[in-house]
Amino acid sequence: MIFLGENSKVASTVKNFISSHRIPHAMLVEGENNTANLDLALYIATAAVCSGSPSPCGVCKDCHLAEVGSHPDITRVSTLDGKKFLSVSQIRELRADAFVKAHQATHRVFIIEDAHRMNEQAQNALLKVLEEPPQSVVFILLVPSKTMLLDTIISRCVLLSLLESKSDDNKYVEMADEFINLLLSGSEYEMLKLLNSLEKSRADAEDFFTTLSACAAERLKKGSSHARVLDRLFDDTKYYLDLLATNINMPLLISLAVSRSKGLLDR
Ligand SMILES: [Zn+2]
């Protein structure tokens, strides 16, 4: 029996769509560890074909077949021996295969290992079936990083990222530092432009303001000449986080944060 890895965010996403019987037609698993990517794909595949409950039950005939790698409704596609790339003809074959009804389970699952080894032509061939997937077919693409695939493919898939979120944290540290610099130079429009990308996601905004508060505290600790401003900014970030928790309209929150931050220099 395969268990879900330790990445709790992905694990809960996956458990959610399995328990609600809404397994997406196409998923993209990205992660540096091939084995972990494959384990996650096999877990989803097993859940998709399992005839027990809750799936994957680990005891039914389908789970057993999936575990030993011989379930007829789970197909793994990878580069052929000695080949560097997945060929267009492999993808065409997969596409034709996807229209064949499931042998015994409710779903058919295709796991495309090393999906980044598809050239553009192969990816476009796959795109056709991702755009109009046959009923009850699930595609799971495995890649070290989604950036190795065409945007058109990425946009058709639910992303399951096993990549460390370290790079994301860094992004916000950089962004928070830039925000403080813009604040100290009084560049209201630039601040607004910088925060614009946060409008779409409450979670991102929360990460940003949390990081901003840490950055302000860090600068205070180092003894900045702008201690008064940073001190107020630090208090303000708490206020923004409180507002975020109240379902405030995002563009409103961002313009409020920018105008208050601009005002910190005058206060
Ligand atoms: Zn089962």
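Everything quoted here is computed from the prediction, not taken from an experiment. In each ligand, atom 1 is the first atom listed, and ligand 1 is the first ligand listed.
No option in I91, V88, V143, N124 other than I91 meets the side-chain contact (heavy atoms from CB on, under 4.5 Å) test with M118.
For the pair V137 and V129, the minimum side-chain heavy-atom distance is 4.5 Å or more.
No side-chain donor-acceptor contact under 3.5 Å links D73 and H107.
Within 6.0 Å of the CD atom in E131, the count of heavy atoms belonging to other residues, nucleotides or ligands exceeds 12. The environment of Q121 atom CD is sparse: at most 12 non-hydrogen atoms of other residues, nucleotides or ligands sit within 6.0 angstrom.
Ring orientation note: the planes of F139 and F110 are close to parallel, at an angle under 30° on the 30°/60° scale.
Counting only protein N, O or S atoms closer than 2.8 Å to the Zn ion (ligand 1) gives 4.
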